[in-house]
Amino acid sequence: DIRYAGRVLTKSPGGTVFAVLTIALALGANAAIFTLVDGVLLKSTGYPHADRIVQLWEKPPHGTRNGIAAANYIDWAKQARSFEAMAAETDGSMTSTGSGEPKSLPAGMVSAPYFDVFGVKAVLGRTFLRDEDQPGKEKVVVLTYRLWSSLFGGDRGLIGRTILLNGEPYTVIGVLPGASQFDRNPNDVWVPLAFPANPARNYHYLTAVARMKPGVSLQQAQAEMSSIANGIAELYPDLKKDWGATVDRYIDRLVGPELRSSLTILMWAVAMVLLIGCANLANLLLARATLRSREIALRMALGAGRGRIARMLLTESLMLSIGGAIAGVALGYGLLKWIQMLLPPFYLPSEANVTMDGRVLLFLAVVTVLTSIAFGLAPAVQASRCDSAEALREGGRSSSAGRGKLYARHVFVAAQVAAAFILLVGGGLLIRSFQRLMNVDTGFNSEGLVAGYLPLPMERSPESGSLTRYVDRLLEEVRAVPGVRDAAVATGLPLQGWGDGMPFRMAAKPEERVGSGFKIVTPGYFRALGLRLLAGRFLDERDVAGMPYVVVVNDSFVKQYSP
C-alpha cells in the first residue's frame, strides 16, 4: 500500500505538493499555537508541590486585592500557622560596577524564605539563610544563571567573592538554575529585603507568597489570614479599618483571564483553519477518486474487498498527512519564533516554558492521524461503494460521480464555508477592536516620547534631600540634550498600572476609607506628556518640602469619590 501510494502521489506532483502545503499550513499553525498553550496553560510550573504555593494580598474595603504594607506583612509572618514559609517581594534596580562599564540590573528584593517557598535550590553555592534579611546581614546576593554566564563569564570561583552593587560590597552566595523560570524572570539579581526599624503600615508596595503546610486547604489558610487581618484592623482602626486579606493559589494567578482567553480563542481559530484544510483536501481526494473509478472498479472485479480498497486510499491520505506534518513542524517552529518576537518582553509568565518538545510532537502525531482519517475516510468509503460492473461499462466514469459523492462533496464545501465564515467574522471583529484601541484617546501625546529606567537607591526611605538633588541634576542634564523639549521622572509609565498604593479618606466623609494607586512624579511630567488640565493646576516648582501637601487626580477619581 505504501509503495503504491508513493507511485500514485508522484504521478501528480502538482496536486501532491498542493495537498502537502495545505496540511502543512494547518498543522504548522496548530503546532505553534499548541506550543504556546502548552507552555502557558498546561505544563507544570516546575515548582515541587506547586498546588501548595499561594499568593497573599491585602484586601481594601471596596476591593479584593492590594499591595501589602511592610508592617502588616511582618505581623502576618509572625502570626500565621498555616504556612511552612512566607516571603515578601518588591522589585527595583541595582547598578553593578567594578567589572567593565556600569550596568543597571533589574533586582528582586525578597525575604529570606523566598526560595524555600518555591522549593528552588542553587546550582552553585546556596540561597538565603533565614536571618539574612535582618539589617546588617543583608549584603549578600544570589545571581541568575543568565547573568552569571554573561557578565561574569560563568566563573565558578565567584561564590564567596564580593561584587559592587550601588557602590556597596555584596557577597555572592549562589547561582540559580539555568533554563529555569528564574532565567526567564526579568530580575538579574536577588538580594534580601531588610525592613527598617519602624516600617509603614499604610504604604502598600509589597507582594507576598507562601507555601501551605501539607494537609492545609486553601479555605483554612484564607480563614486564618482573614482572622489575622481583622486583628490588625482592631489594633489600628485609623489605618486599617475594614481591611482584610486575600489568599489565591499561585498557579491560578500566573495567567490572567485576558491571556487565557486570548490563547483559547487562538486555539479555536487554528482548529478552524485545520478544519478548512481537511475539507479542502477531502474534496481534492473525492475528485481524484472519481477519476480513478475505473481502476478501483477493476480491483474490485479482481476480488479486492471494500475494506482493502478503503485501506489503500487511507494509506495515501496518511502519507499526505505525514508529509504535511514534517513540513508543518518547520513552519510551526518559524511561526512560534515570529509570535515570540511580536510579544512584549515578559508578557508571558516566567514559569511558561514555551518550547517545541516531545509533548508538541505527540500532539502533532495525533492530529496527523486524525486529519488523515478526516479527509481520507469519506473518499475511501465512497470509492469502495462503487458498482464495479457499472463503472467498467462505457460511461462508467460519469456514473461514478453519483449522488453519494456529490452529497459528500457538498457537505465538505458547506463545512469549509462555515468555518471560513466564522474565521472571517472573528478576524473582522479583531481588526475592528485593534483599530479602536489604536484610536483610543489616552489623554496624552505619545509622539516623540521616549522612556528609560533609572538606577535609584533601593532603600524605600532614602534621605530626601540628596535624592531630590540627584533627580534635579539628572533632569537638568537630560533637558540640555539637543532635541529634548522636556523631561520628567516618575515611579510608573502611563497605561502601565500603579507601582504603589495607599489608603485615603475624603475630608467630607472621614468615616470612609478607600485605597488608590498613585505615582510620584516631578512637575515636568505633565508637560512632557502633554496632558490636558480639566480644572485647577498641575504640580510645579512651588510644591517642595515644607509647603502644603498637594495631589493631582484624574477625572475618574472625581466622578467616583467627589461627583
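Just so we're clear, the structure is a prediction, and the values are computed from it rather than from any experiment. These numbers come from the heavy atoms of this one structure, side chains and all, not from hydrogens, waters or symmetry mates. Along the sequence shown, residues are numbered consecutively beginning with 1.
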*Determine, for Asp188 against Arg146, whether the closest basic-nitrogen to carboxylate-oxygen distance falls under 4.0 angstrom.*
yes

So, do [X] and [Y] sit near enough that their side-chain heavy atoms are less than 4.5 Å apart?
X      : Y      : value
Asp38  : Phe363 : no
Thr16  : Leu320 : yes
Met312 : Leu314 : no
Val140 : Pro192 : yes

*Indicate the ring-plane relationship of Tyr47 and Phe118, choosing parallel, tilted or perpendicular according to the 30° and 60° boundaries.*
tilted

*Assign the ring pair Tyr114 / Phe182 to parallel, tilted or perpendicular, where the plane angle (0 to 90°) is split at 30° and 60°.*
perpendicular

Does atom [atom1] ([X]) have a neighbourhood of more than 12 heavy atoms from anything else shown, all under 6.0 Å?
X      : atom1 : result
Lys121 : NZ    : no
Phe444 : CZ    : yes
Ile2   : CD1   : no

*Identify which one of Leu147, Ile163, Val172 satisfies the side chain to side chain contact (heavy atoms under 4.5 Å, CB included) criterion when paired with Val189.*
Leu147

_Positive for side chain to side chain contact (heavy atoms under 4.5 Å, CB included) with Leu165, one of Thr97, Leu105, Thr95_ = Leu105

Side-chain donor or acceptor of [X] paired with backbone N/O of [Y] under 3.5 Å:
X      : Y      : value
Arg52  : Met212 : yes
Thr368 : Ile322 : no
Arg249 : Asp51  : yes

Quick one: closest heavy-atom pair of [X] and [Y], and the distance?
X      : Y      : result
Val191 : Tyr170 : CG1-CE2, 4.0 Å
Ala210 : Val117 : C-CG1, 3.7 Å
Glu89  : Asp91  : OE2-OD1, 3.6 Å

*Only one of Asp248, Asn66, Thr246 forms a side chain to side chain donor-acceptor pair (under 3.5 Å) with Trp57, so which one is it?*
Asp248

*Please test Asn185 against Thr144 for side chain to side chain contact (heavy atoms under 4.5 Å, CB included), starting from the C-alpha separation and ending with a verdict.*
CA-CA 9 Å; Asn185 190 288; Thr144 61; over 6 Å; no

